[in-house]
Amino acid sequence: MSLANSSDDKVTLLEVKGLSKFFPIKKGVLRRIQGQVRAVDDVSFRIYEGETLGLVGESGCGKTTTSRCIMRALDPTDGEILFRSANGEIVDIAAMRESEIRPLRREIQMIFQDPYASLNPRMNVMDIIGESLQVIGGMSAREERSARVAELLALVGLRPEYMQRFPHAFSGGQRQRIAIARALALHPRLVVADEPVSALDVSVQAQVLNLMLKLQRELNLTYLFVAHDLSVVKHICDRVIVMYVGKIVEIAPTETLFSAPKHPYTAALMAAVPVADPRQRTAMTPLEGDVPSPANPPSGCYFHPRCRHAVEVCVKKQPALEECADGHLVRCHRAAELSLPGIGGENEAATAGS
Amino acid sequence: MSAETESKTENIEVRQAGQREDADAISVAPNWKLVWWRFRKHRLALVAGVLLFFIILIAGFPGFFSTQDPSQSDTTGSFMPPQGIHIWDDGPAFFAYAANGARNPRTLRMEWQLDESQKVPLRLFGRGYEWKVLGLFTTDIHLIGLVNPDEDKPIHLLGTDRLGRDQWSRLMYGTQVSLSVGLLAVFISTVLGIFLGGISGYFGGLADMVIQRVVELLQSIPPIPIWLALSAALPRTWSVTTSYLAITGILALLTWTTLAREVRGRFLALREEDFVVAAKLAGCRQLRIVFRHMVPTMNSHIIAAVTLAIPVMIINETFLSFLGLGLRPPAISWGVLLQEAQNLQSVALAPWLLLPGVAVIITVLVLNVLGDGLRDAADPYH
Amino acid sequence: MNTNAILSVRNLKTRFTMDEGTTKAVDGVSFDVAPGQVVGIVGESGCGKSVTIKSILRIVQKPGEVVGGEILFRPQRHGENGTDFVDLAKLDGRGKEMRTIRGNDIALIPQEPMAALSPVHTIGNQLVEAVQLHRKINKRQAEEIAIERMKEVGVPSPEERMSAYSWELSGGLRQRVMIAMALLCSPRLLIADEPTTAIDVTTQAQVLNLLRGLQKNHDMAIIFITHDLGVIAQVADDVVVMYLGRVMETGPVDDIFHNPLHPYTKALLGSIPSIHTTSREPLPTIEGSIPHPFNRPAGCPFFPRCAAYMPGKCDRQTPKLERIGEHQSVSCFLHHEVAEEI
């Protein structure tokens, strides 16, 4: 196996090829399989070393399922997940048995959305952060572990004395810092962050985002950042993948995506974000209708029923994900002819009054 | 972080820390402490806990609390009414009135009268018959004893039964048997329930299917007839101990299903919890996930469920023994004692024979209140 | 007080008394709502915004209790410009008068439409019941009103939806049905409790536009609760910024966003990433975290995290909400010297 690198020699850390995850729909007394929810449907992308790749979309678009498949918290239905491990070997995570994945867990770690649910309330911080050190890190001596835990706590901006405390003693933001420290315990190379700030209070979100940026610089981390909040994604990501009903509709570098989106859904998504400035009120509704169910998607392009630009071909034929510029892929029949509004970059000054 | 921002952070921590001096104890409190702090607020349950402690003490050392050998009969002392203890006689005192009995020549029954002129002096930690402490060594010390054991006739605090056996002492020994049947049966059914429920909930699939069908089958059998059938099938020739264990087993075999269902449900819910997934992603093996992360989460719930299951077991044992299908004399249990009160005539003549029923009610209430309190305190992180 | 207001909350105090201690969930909140105005209440968790609206509706559950202040409301049956306010704080929360006001004069759009709709009754049943609860009309007329309202909130083919169940609808449609239900009796005041938190961003834009349109057409006042500053900027006329049960600052939306006075408002606005700001640079943050309600700081609730904290002042006295300039009020010693009397 080999991993293709990008044209400008970025090293591919992870490559997802044709990943699918279907959940069967069982109905009736006999629980016969009546159909499938195509939660993730033939998804392919790469993550380069040292970058932050955003994965955005609305609920049910498959972004969380994709991330869980990469972590093998879920078993994919189909596809390959190729990972370049620290010793240079390339492995297919999708095909591995649980026992084979365990050593790999040092290198891929995850940060969960809800820090109230992701920390075991019955364990203290030392045991929470130290668990992976103990079970796969080979640190059986408690002193050794506690030294590393103290180091990690300092790294995420918490006092090492907090080691003896239990999660209930911490606020949401502090808990998320503990969760980050746990993820970093074994020097991972890829961190999958599943909506890491969306459960936090506004005033705390910025702290955690800053911390993630700082850690990335210091530890040369690669992030897969799953989110629904476009402002956060724009702030933290280098490249962004937009998903809709289990499929990727657009992949592009962040600046390109926001200034010149190629897919009408991406453009609508950005227009729908409420701007924190009363002087910029949007008068029109960016999109009609609702996100279709992945169990019963529309014909042709999944977005056509809500798309202002849909033409006949959109109803009949599903468009392919095609490269329209270097590193910019889009799944739209009319990508070449449409000129969609993006969001002006820096010229529209910050809205905050401070 | 630059020195400036660091000192600023420090400042904020100091400023925020000033607000919570007492919070430190809570911060480092493990689960059991939090449960205890919450439980402590439930006054009624706390009282129940203290009462249960005394009941368990009685169950552990029935000999100490009794006044007579529970199986010693006295044909001339049948149906003696409760003598009662008096602690005031123009000043603090500790005595009982002697009871004089005479046989009614017409009915041939013993008729009793308390003789208020004749006081039997009592003392704490007096000497009496010899009993074995936990089967290890013998002693003759009792909580209540006669001052002059060689001169006075033995006293009967709760009267005597048909054969003149001391009701109070029998109640003490009955407590030991009834409570231990309840505890042992619940223990067996808990182990079965957690084990089978755990397999069912954690592994799912075929194991889950089979176990759930067995649970459904067992739950669909009406319990009373099956108990009756099983107990009736026990050979009469079995010793007291053997039939005691057999009854316990029968009780346990039919009651583990509820707990198994509960444990399964919890496992199913827990499997999806983020912190369990996080443990898997941290590289934990299955066994560690189950025993380090999932089972402790259920601990307090299981304790509460078990506490609530014990009274049911006690009632079941009492009920079976009362019908003569559970423990049989010479074993002593609350059900066996109540069997004495089956006869309408003896109830009319000797209503104190119903007193073991009061013991059942008190114990069951105590356990239920305690279980309620535990259940409320079981989840301190809301 | 704004004499024109239909709702004037004065120094409202709601407490929760528990074994662990007393929480001052709402601690002296004051604001006015003029007819046809959208007032946004913004704040983070524990700021008391939800308890404030529950207090106004008098649906605070035990052990919570409204312990002080006035909730002056002008119901419909009183003259449009009369001064006869009813003090909701003095009414019995379960009494007939309060029940008539709830639903008739003040309606609520809840955060979770799924939890607010019964799964075993059809949408039509629930709407008709809600109409008939407050108006003496027959079923057919009630149905007409229900269909009318559903059309108005943009539910496609409302006649068919009447026989649907809540779980058959998408999140956006459910929220529309809740809005239709709130509008059934043409209330004067609509309270929306984080109505878009549980739905997706494209649907959120639809719901926000719908609410703005309805407010214009019906000349209805709206109190809009949210933690999302973007949403507030898009819908509110006036903004109330809350922190730990107290109002930090209040004023017209443009002043709050372009001329914030309170350090908390400033910091909050500075800390949100925006799709318009520069990427990948550290955001300005508010240090520390929101204290637990039992550990409320003495003095100004924000002082431990405040960049402009004045030792010896902010931690001793609680600043009062005082008018600064024409429309804006702020509770901060940087702008005035008035402290709350103890």
Side-chain angles (χ1 to χ4, degrees), chain A residues 52 58-60 170-174 201-207 209-210 213-214 228-232 234-238 254-255 258 268-291 293 306 343-346 348-354, chain C residues 44-46 154 156 170-173 196 199-206 208-210 212 227-236 252-254 256-260 264-292 305:
Chain A
T52 304
E58 298 180 277
S59 55
F170 297 94
S171 66
Q174 289 171 319
D201 273 309
V202 184
S203 72
V204 182
Q205 282 192 5
Q207 294 175 10
L209 288 176
N210 286 351
L213 284 170
K214 178 193 102 151
H228 70 275
D229 186 336
L230 284 175
S231 325
V232 172
K234 167 140 192 288
H235 186 78
I236 200 165
C237 297
D238 299 298
T254 310
E255 287 303 319
F258 281 83
L269 204 57
M270 290 189 306
V273 176
V275 184
D277 183 356
R279 292 176 190 172
Q280 291 185 39
R281 290 200 172 172
T282 43
M284 82 180 185
T285 301
L287 265 189
E288 298 297 334
D290 288 306
V291 180
S293 153
R306 304 175 75 190
I343 287 171
E346 271 75 325
E348 284 173 72
T351 54
S354 54
Chain C
E44 303 175 88
S45 61
S170 69
L173 268 186
T196 58
I199 54 186
D200 278 316
V201 58
T202 55
T203 323
Q204 164 175 290
Q206 297 168 10
L208 294 183
N209 273 338
L210 172 67
R212 273 197 301 221
H227 65 271
D228 189 332
L229 288 162
V231 171
I232 281 287
Q234 292 294 313
V235 298
V253 65
D254 200 69
I256 295 291
F257 279 83
H258 291 282
N259 179 31
Y264 175 63
T265 320
K266 287 182 188 171
L268 202 58
L269 286 166
S271 68
I272 48 167
S274 143
I275 42 182
H276 299 275
T277 52
T278 323
S279 307
R280 323 223 75 220
E281 300 217 333
L283 293 158
T285 60
I286 307 178
E287 296 298 329
S289 46
I290 301 168
H292 192 276
R305 305 176 68 191

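Proteins get letters first, then strands, A, B, ... in listed order; numbering begins at 1 in each.
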Under 4.5 Å from any heavy atom of chain C - which part of A/Leu213: side chain

Straight-line distance of C/Thr202 OG1 to A/Glu288 CD, nearest 0.5 Å: 10.5 Å

Chain C contacts, top residue of A/Ala206, A/Gly60, A/Pro278 (heavy-atom pairs, under 4.5 Å): A/Pro278

When A/Gly172, A/Ser231, A/Cys237 are compared by non-hydrogen pairs under 4.5 Å with chain C, the top option: A/Ser231

Approximate separation, where rounding is to 0.5 Å, of A/Ser59 OG and C/Asp200 CG: 3.5 Å

Proximity breakdown for C/Gln234 and chain A, heavy-atom pairs closer than 4.5 Å: both

A/Val275 backbone acceptor or donor facing A/Arg281 side chain under 3.5 Å: no

Rounded distance (nearest 0.5 Å) linking atom CZ of C/Phe257 with atom CD of A/Gln280: 11.5 Å

Residue pair C/Gln206 / A/Gly289: nearest heavy atoms and the distance that separates them: NE2-O, 2.9 Å

Choice from A/Asp238, A/Leu230, A/Val232 maximising heavy atom contacts with chain C below 4.5 Å: A/Asp238

Under 4.5 Å from any heavy atom of chain A - which part of C/Ile256: neither

Heavy-atom proximity to chain C below 4.5 Å, by part of A/Asp201: both

Donor-acceptor under 3.5 Å (A/Gln207 side chain, C/Ile286 main chain): yes

Closest heavy-atom pair and its distance - A/Val204, A/Gly173: CG1-CA, 3.3 Å

Which of C/Leu210, C/Thr203, C/Asp228, C/Asp254 touches chain A most, by non-hydrogen pairs under 4.5 Å: C/Asp254

Chain A interface, residue from C/Ser170, C/Gly230, C/Ala236, C/Pro156 that has the most non-hydrogen pairs under 4.5 Å: C/Gly230

Interface residue of largest heavy-atom contact number with chain C, from A/Leu287, A/Leu269, A/Val291, under 4.5 Å: A/Leu287

Which of A/Ala268, A/Ala272, A/Ser203 touches chain C most, by non-hydrogen pairs under 4.5 Å: A/Ser203

Pairwise side-chain contact, C/Ser271 with C/Leu283, heavy-atom cut-off 4.5 Å (strictly under): no

